[in-house]
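So the structure is just underneath, and the comments pick up after that.
The chains referred to below are lettered A, B, ... by the order of the sequence lines, with proteins before strands, and numbering in each begins at 1. For clarity, every value in this text was computed on a predicted model and none was experimentally measured. Basis for what follows: all heavy atoms, side chains included, without hydrogens, waters or symmetry-related copies.
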Amino acid sequence: AEDTGVRVELAEDDDGKKSSIALKLWVEDPKKLKGKYKDSGAIEFTFDLEKEVPEVVAQEMVESGFFHESDVKIVGKSIRDRVSLIKWKRERTVPARD
Amino acid sequence: SSTTQVVHSAGRRFIVSPVPESRLREQ
């Protein structure tokens, strides 16, 4: 995935079954952000892989004061990349059926 | 370590905790 300067990782083991999963996001490289960034730490949240949209979560983070509005796209993309990877891994580990 | 919670008006809960130094990229 592209280096956005924003890191998103699983905050729990993925059992491959539940749709809602805990993710953790933090800024690795503040220079990649457009807006002024106040280092607040790692942000943990739950994300529903089936129902939710990464960009909506990014918007909620902006509204909660974690990021400047100009960085909503980069945060959304960072979450989307990680979510895509989780889904891709899940697809590859689906048990074979008759 | 200290953690804080921020609840967005849409109901999502954000739990904020310090990033372990080992997880930060060396500049």
Quiz item: When you look at CG of Asp13(A), are more than 12 heavy atoms from neighbouring residues, nucleotides or ligands closer to it than 6.0 Å?
Solution: no

* Take atom CD in Glu63(A); do more than 12 heavy atoms of anything else shown fall under 6.0 Å from it? -> yes

Quick one: pull up [atom1] in [X] and [atom2] in [Y] and give me the separation to the nearest 0.5 Å.
| X | Y | atom1 | atom2 | value |
| --- | --- | --- | --- | --- |
| Glu60(A) | Arg13(B) | CD | CZ | 13.0 Å |
| Met61(A) | Phe14(B) | CE | CZ | 4.5 Å |
| Lys24(A) | Ser17(B) | NZ | OG | 4.0 Å |

Quick one: do [X] and [Y] end up in the same hydrophobic cluster if we chain Ile, Leu, Val, Met, Phe, Trp and Tyr together by side-chain heavy atoms under 4.5 Å apart?
| X | Y | answer |
| --- | --- | --- |
| Val57(A) | Leu10(A) | yes |
| Leu25(A) | Leu49(A) | yes |
| Ile15(B) | Ile79(A) | no |
| Val53(A) | Ile21(A) | no |

For Gly41(A) and Val19(B) the tightest heavy-atom approach is C-CG2, 3.6 Å

Honestly, the part of Val16(B) sitting under 4.5 Å from a heavy atom of chain A is both

Under 4.5 Å to a heavy atom of chain B? For Glu52(A) that would be side chain

- Hey, does the side chain of Arg12(B) reach the backbone of Thr46(A) with a donor-acceptor pair shorter than 3.5 angstrom? yes

